[in-house]
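To start, the structure under review is shown below, and the notes come after it.
Proteins come first, then strands; the chains are lettered A, B, ... in the order of their sequence lines, and each starts at number 1.
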Amino acid sequence: MLSEDHEDLRKTVEAFARDEVAPVIGDLYEKGEFPYDIVRKMGAMGLFGLPIPEEHGGMGGDYFALCLALEELARVDSSVAITLEAAVSLGAMPLHRFGTPEQKDEWLPKLAAGELLGAFGLTEPGGGSDVPGGMRTTAVLDGGEWVINGSKAFITNSGTAITGFIGVAAITGRRADGKPEISTIIVPAGTPGLVVSEKYSKVGWSSSDTRELSFTDCRVPAANLLGQRGRGYAQFLQTLDEGRIAIAALSVGLAQGCVDESVRYVAERHAFGHPIGHYQAMQFKVADMEVRAHTARLAYYHAADRMLRGLPFKKEAAIAKLVASNAAMDNSRDATQIFGGYGFMNEYPVGRFYRDAKILEIGEGTSEIQRLLIARELGLGGL
Amino acid sequence: MNIVVCVKQVPDTATERKLRSDDSTIDRSANGVINELCEYAVEDALKLKEAHGGEVTVLTMGPDQATDAIRKALAMGADKAVHLSDEALHGSDALSTSYALSQALKKIGFDVVILGSESTDARTGMLAAMLAERLGVPQLTLASKIEVDGSAISIHRQTDYGYDKVEATLPAVVSVVEKPDPFKPRYPSFKGIMAAKKKPIEKIGVADAEIDPAQIGLAAAWSVVSDFTAAPPRGKGVVVNDEGDGGTKAAEFLVSKKFI
C-alpha cells in the first residue's frame, strides 16, 4: 500500500520513536518538560522539513510523509507528535504556501531543520471555530507597521526557547459587505508588546508547549503580512483541512500504540492460570481496538491520497479526523481497562495515552464541527 | 579517501531466529535487518568522509534480499554499493567469507575498510582480523574512535584502564564497536531514503571477483555445525529478601554465578 520510500521512512521513524523517544518521554511527560533533545534529533533527521522543498532546506517529500511520521511518533507519544505536527502544518506550511520569497528565505531553512519552531495563533480565549464572529484581535497599519492588540489561547509551540515566530490571525479592517477582514501577520518571538504566558497546566500532551499570548500595541513591519491582506480566513481554512488529516494520523498512532501495548500485556499478565489474552473477553477487546485503528488508518490514507492528487478532500479529512479521534479515545479507554490497576499508574504508557486521547476530539475542530462539515459537504448546510 | 564499509544483513534480533533444518545454516529468509554494529561502521565511514572527503562504498556479501541492508547504508549517506551475491557462497564460514570479501575488496580498491566488530547472527568477531591478513594490511580492531591524518590512521580501543591508542599506516582494516551519543549511527532522512534509490548498486558474482569456487561454500567450510539445541527457556529469577543481610546474600549469589 505504501511506496518503498514511504515505507522506509515509516520504518525509520518507527525505530526512532522506539529507541529515542520511548526510553525518555515518560519522565519528561511527568515533569511537564518540553522535549528539546528529541526535537533536535528529529530536526537532524529532517522530519520538520518533510513536505518542504529542498531549495528551502526541506526534504522535498509530501504531506503524506509527514502523516506517516506523525503516526509512528504518536504510537509512542503524542506530545512529541503534536510538537512536530504544529511546527510543520501550522508553522512552516503557511509560510511555504503563502510567504514572500524574502519571508521564505528568512524562516524556512531554520524551520525545516527544526532549529526554530513556527506557531499559529488563531484560537482566542472567546472563540475557536467561530471565525470571524468570535475573533477580537486586531491589527492596524500605522506608519509602515502593523499594530496588534488582542489575545490568543491554546497556542502550541508558542513559548519554547526555539520558537521563531507566531503567525497571528487578526482583523485588519472591514470588507465591502461589512464583515471583518482577516489577515495573518508574522510576529517574531520577543517582539515588544507580545507577552507569552506561563505554560498551561493540561490534562494531557504534558510535554508539548501550549500557551496563552497577549498583544498590547505590538508593532511589526508591514512586510510581515503573510499572504494576501483579507485572505487570512481562506488561507487558514486550507491549513486546517490539511491539519485534520495530520491529526487523524496522530490519532491513529495513539490508537495503534494502545493495541501494541495491550497485545504485549495480555500475553504477559496471568490470571486464573492463564495469560489474560487466553480469555475471549480480552481477545475481543483487543480485536475491536485493532479494527478501529485499521479502519481509521484507511480513512486518513484515503483523505491524504485525494489531497495529493489535487481532488477535493474536505469531507474525507473531516471523516478521517472524526473516526480516528474516536478510535484513539475508545482504544485508550480499553487499553487502560486491560491494564487494570497498572493502567492507572504513570509507569505504563497507556495511562498517558488515555490522558492524551481526549484532546484529539477537541483540537483542530471538535467532533461536532467535523460532523457539521460532513453534513455541509452532503448539501445539508443550506436547509 | 576511498572508504569501503562491509555491512551484513542479519535476522532481526527482536524476532525468533532459526537455523535451517536442511544444512544447519542460519535461516535468512525473513526479517532481515542491517547488523547493528554495521550501522556504527557506516556512521564512522560517513564521518571520515565528511572530515577528509572521498567516497564511501558499501560492500555486502549475502543473498539477494540483503539489498535491505545496502539500502539502509545508502540512505544514511554512503555513495554506492557492491553486492557480492552468488549461490556458490551459501554456507561459507568466517574463513571463506574473509577470502571472498578480500577478493572483492582487491577489485574495488580501498584506503580504509571499516566493519562492525561482530555480527549478531554468528558472533565470531574474527572477520576484521582475517580480512587484514588476507589483504596484507594492518588491522585496527575494536575501535571506539577513528582519526586519519594524511596516510596515518589511529584508533582508540577501550580498555579497563582507559583506552589504547593504536596507530598504523593506510591502507588498513578497522573494526568498530558500539558508542554512546553523539556517535550513534544517524537516522536516514527522507531525502536520503529517496536519494538511495538513485545510487548505483553493482551486483557481482564469484567469477567477477575472481573467487576460487573451491575455497567457498558449505563444502569448503573449516567449521561445521554438527548439532544444535534450542536455548533452554529462561528460568525464574532468584528473589533475595533483605532482612538486614541483603547485601551479603546478593554478593553470595553473584559469587555462586562466578560474576565476582
Side-chain angles (χ1 to χ4, degrees), chain A residues 2-24 37-70 72-73 84 88 109 112-114 260 264 267-268 270, chain B residues 7 9-16 30-40 42-43 46-47 50 58 64-78 81 120 178-199 201 233-234 236-237:
Chain A
L2 299 181
S3 72
E4 210 170 58
D5 287 344
H6 281 135
E7 175 60 14
D8 281 354
L9 172 76
R10 192 198 64 71
K11 279 199 290 202
T12 303
V13 181
E14 180 182 35
F16 175 83
R18 181 192 63 215
D19 297 340
E20 309 289 337
V21 179
V24 297
D37 203 39
I38 294 171
V39 166
R40 185 182 55 74
K41 288 175 180 173
M42 292 200 294
M45 279 169 79
L47 296 189
F48 287 91
L50 276 175
I52 308 294
E54 290 188 41
E55 69 259 31
H56 289 120
M59 291 290 118
D62 51 37
Y63 201 81
F64 184 50
L66 172 70
C67 291
L68 292 172
L70 291 171
E72 288 303 328
L73 289 170
L84 175 66
V88 179
D260 299 343
R264 201 173 311 145
E268 282 168 8
H270 282 69
Chain B
V7 304
Q9 183 153 315
V10 295
D12 191 346
T13 50
T15 61
E16 195 191 346
N31 300 318
V33 295
I34 185 169
N35 179 47
E36 197 182 337
L37 279 171
C38 296
E39 290 188 46
Y40 282 86
V42 174
E43 179 64 35
L46 295 173
K47 287 227 169 76
E50 282 156 13
V58 177
D64 285 352
Q65 61 264 34
T67 43
D68 286 354
I70 294 176
R71 235 182 33 238
K72 175 92 188 258
L74 293 176
M76 287 172 73
T120 53
E178 201 176 329
K179 292 173 279 290
D181 251 351
F183 305 104
K184 279 197 197 169
R186 66 195 66 185
Y187 289 89
S189 71
F190 193 51
K191 198 155 65 178
I193 288 168
M194 291 190 294
K197 288 263 188 54
K198 301 182 193 99
K199 292 177 178 173
I201 302 176
R234 191 179 292 186
K236 280 205 168 131

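Residues A:E20 and B:Y187 have side chains in contact (heavy-atom distance under 4.5 Å, counting atoms from C-beta outward).
Looking at A:K11, there are no atoms closer than 4.5 Å to chain B (heavy atoms on both sides), in backbone or side chain. Contacts between B:D181 and chain A at a heavy-atom distance below 4.5 Å involve the side chain alone, from C-beta outward.
Of the inter-residue distances, the one linking B:K197 atom NZ with A:S3 atom OG reads 6.0 Å to the nearest 0.5 angstrom. The distance from atom CG of A:D5 to atom CD1 of B:I193, rounded to the nearest 0.5 Å, is 7.5 Å.
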Worksheet item: After noting the C-alpha distance and the side-chain angles of B:K184 and A:D19, does the key distance pass the salt bridge (Lys or Arg N to Asp or Glu O under 4.0 Å) rule?
Response: CA-CA 11 Å; B:K184 279 197 197 169; A:D19 297 340; over 6 Å; no
Worksheet item: So A:M45 and B:R186, side-chain contact (heavy atoms from CB on, under 4.5 Å) or not? Walk me through it.
Response: CA-CA 8 Å; A:M45 279 169 79; B:R186 66 195 66 185; over 6 Å; no
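Annotation for B:F190 and A:M59: closest pair N-SD, 3.7 Å, computed over non-hydrogen atoms.
Checked for salt-bridge contact, A:D8 and B:K72 miss the test: no charged N lies under 4.0 Å from a carboxylate O.
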